Amino acid sequence: MTTVLGGGTIVISLHPAEVVTGDVVIDADRIVAVGPPPAAGSGTAVIDCRGCLVIPGNVCAHTHAYSALARGMPYRLAPPRDFVEILRRVWWRLDRALDEESIRASARVAAMEALLVGTTTLVDHHASPGAIDGSLDILAEEFGRLGIRSILAYETTDRDGTGHARAGLDENRRFLARVAATRPALARGLVGAHASFTLSDATLEGCVALAHSSHTGLHVHVAEDAADERDAEAAHGHSVLARLARAGGLDAGSVLAHGVHLDRSEAALFRASGATLVHNPRSNMNNAVGRAPLGLLGPRVALGTDGIGADMFEESRLGHLRHLEERSATSDAEPLDSPDDAGSTDPAWPLARLAAGARLVGEEFDEPSFGRVVAGAPADLVVLDYPAPTPLTVGTLAEHWMFGLSARAVRDVIVAGRVVVRERRLTAVDQDALAADARPVATRLWERLETIEEHSFAPGEEMVG
Ligand SMILES: [Zn+2]
């Protein structure tokens, strides 16, 4: 069966921008032709895309689907005063309340909401200390059912004790072995690790060894808050990134979330490593942890939501606006003209950051043309209902992205050649029923959450001091 997206304006590449008008021909999971209309043969389904913009599917390069049922959840403790208290009193209570049913419902809701806003890949970092074994299979199964692509990892940590740390590592090992054996079409794995300040040397070594033997990288929070850096210096005598590098965990396959408090020497280590850093501007603002030194980080900076939905139009736009606002107030603001650099203030910044996310996914799936609308690339595409009121060209795409486009325009979504959203509705399941079915699961999750107290784990500098 061939599918043709007919007569749209096609964004062949977000960055560098490349735009043509014509058809996209999809056969099985791949784009087979782009350009002038071919002769439509029998067995061809044509989706009329006149007046529409066809773009590569967006990538959310760092998220937590397990938080999908968190919105509106009850909270009875004293308000958190800093980032570590946010973890102890909010997220490290929610993750312990998760069971198989709520992991499954969270995964469904996260996948639904991502697809409906034009995000076709989630790079997920999962934690459920009460239900570790098999949790990544649940995510893969539900994501696959709705048809979203994913790169999965379990958040290995010592904060719940060495038994849980071992179980977390085992879950990554088990899932990576399954991926290696079965090569599922839509899922890959990384080795998940929480953050330096909740990882013992032995556990970090175990994560690195597994990443090396599995030919993949770590997915780890790095210097999200100053507490992570203080702990690394106090407990290990090194900065967070130096510690990671000394353990052998900093290489081209690594996915580092946040990097808010990286200093110049760490930024240099990062740039030399070929790793990808995922900037999560809305989460950083929400937690008031600061802003990554983007001007020091080079081109390999992608964007994530850190669990605040999966709307990459919003994330990229807000991230750029915040960057513009702060550029004159930050010491890292060095005038850089190329949007390839994460410190650039060029209007193409959002597109360059999203292209960096697509490159990461392409590396994990061994698909060099991933994220481009070209023959031979995986068919992960979004059709935006966007009759542009001003000329839309290579030169104006970035301005349209910043000031015109939004998730509201998402009409159809295709992942690996499968139409997973058609006319703003999921094709695999009834999305209203999915949401309705999730609500009682959320209620039960919240009831369990209410019985769980503040987590007692403390970073090293607090234990030492
Ligand atoms: Zn995160």
Side-chain angles (χ1 to χ4, degrees), residues 59-71 80 82-96 98 103 106-107 110 113-114 119 121-129 135-136 139 150-157 159-160 168 172 189-199 207 217-229 231 240-241 244 249 254-262 275-292 301-312 314-315 318-319 353 357 360 455 457 459:
V59 170
C60 178
H62 177 72
T63 192
H64 304 279
Y66 77 75
S67 69
L69 301 182
R71 75 191 69 157
D82 57 32
F83 175 70
V84 173
E85 286 190 353
I86 291 171
L87 296 178
R88 283 178 184 158
R89 296 180 186 178
V90 181
W91 303 114
W92 293 349
R93 291 172 62 228
L94 176 73
D95 66 11
R96 284 178 289 159
L98 289 164
I103 296 168
S106 299
E113 295 194 331
T119 295
T121 303
L122 296 177
V123 183
D124 192 76
H125 199 265
H126 175 71
S128 53
S135 57
L136 297 181
L139 291 179
S150 64
I151 300 173
L152 304 177
Y154 187 87
E155 182 190 279
T156 308
T157 175
R159 69 173 178 267
D160 297 305
N172 284 298
L190 290 162
V191 177
H194 173 246
S196 175
F197 75 98
T198 76
L199 289 166
C207 290
L218 297 184
H219 184 179
V220 57
H221 296 96
V222 164
E224 181 174 2
D225 184 76
D228 196 22
E229 289 288 5
D231 173 89
V240 168
L241 224 56
L244 195 60
S254 310
V255 179
L256 314 176
H258 299 294
V260 170
H261 293 273
L262 297 182
T276 300
L277 187 133
V278 186
H279 179 45
N280 303 267
R282 289 185 300 161
S283 166
N284 294 161
M285 287 188 272
N286 187 47
N287 290 330
V289 291
R291 187 179 70 91
V301 175
L303 293 176
T305 62
D306 204 18
I308 307 178
D311 183 344
M312 303 315 293
E314 191 173 350
E315 195 72 46
L318 274 176
R353 302 284 70 74
L360 164 69
H455 204 292
F457 182 85

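Ligands are counted one by one from 1 in listed order, and the atoms in each one are counted from 1 as well. Values in this document were obtained by computation on a predicted structure and should not be read as measured data.
Below the 2.8 Å limit, the Zn ion (ligand 1) has as protein N, O or S neighbours His62 NE2, His64 NE2, His221 NE2, Asp306 OD1.
Using cut-offs of 30° and 60° on the angle between ring planes, the pair His219 and His125 is perpendicular. Ring orientation note: the planes of His221 and His258 are close to parallel, at an angle under 30° on the 30°/60° scale.
Among Leu190, Leu244, Thr156, Asn172, the one residue that satisfies the side-chain contact (heavy atoms from CB on, under 4.5 Å) test with Leu218 is Leu244.
Legend: residues meeting salt bridge (charged side-chain N to carboxylate O under 4.0 Å, His left out) with Asp95, ordered by chain and number and at least two apart, are Arg159. Qualifying side chain to side chain contact (heavy atoms under 4.5 Å, CB included) partners for Ser254, counting only residues two or more places apart in sequence or in other chains: Asp251, Leu256, Ala275. Ser106 meets the side chain to side chain contact (heavy atoms under 4.5 Å, CB included) test with Ala68, Leu69, Leu98; sequence neighbours excluded.
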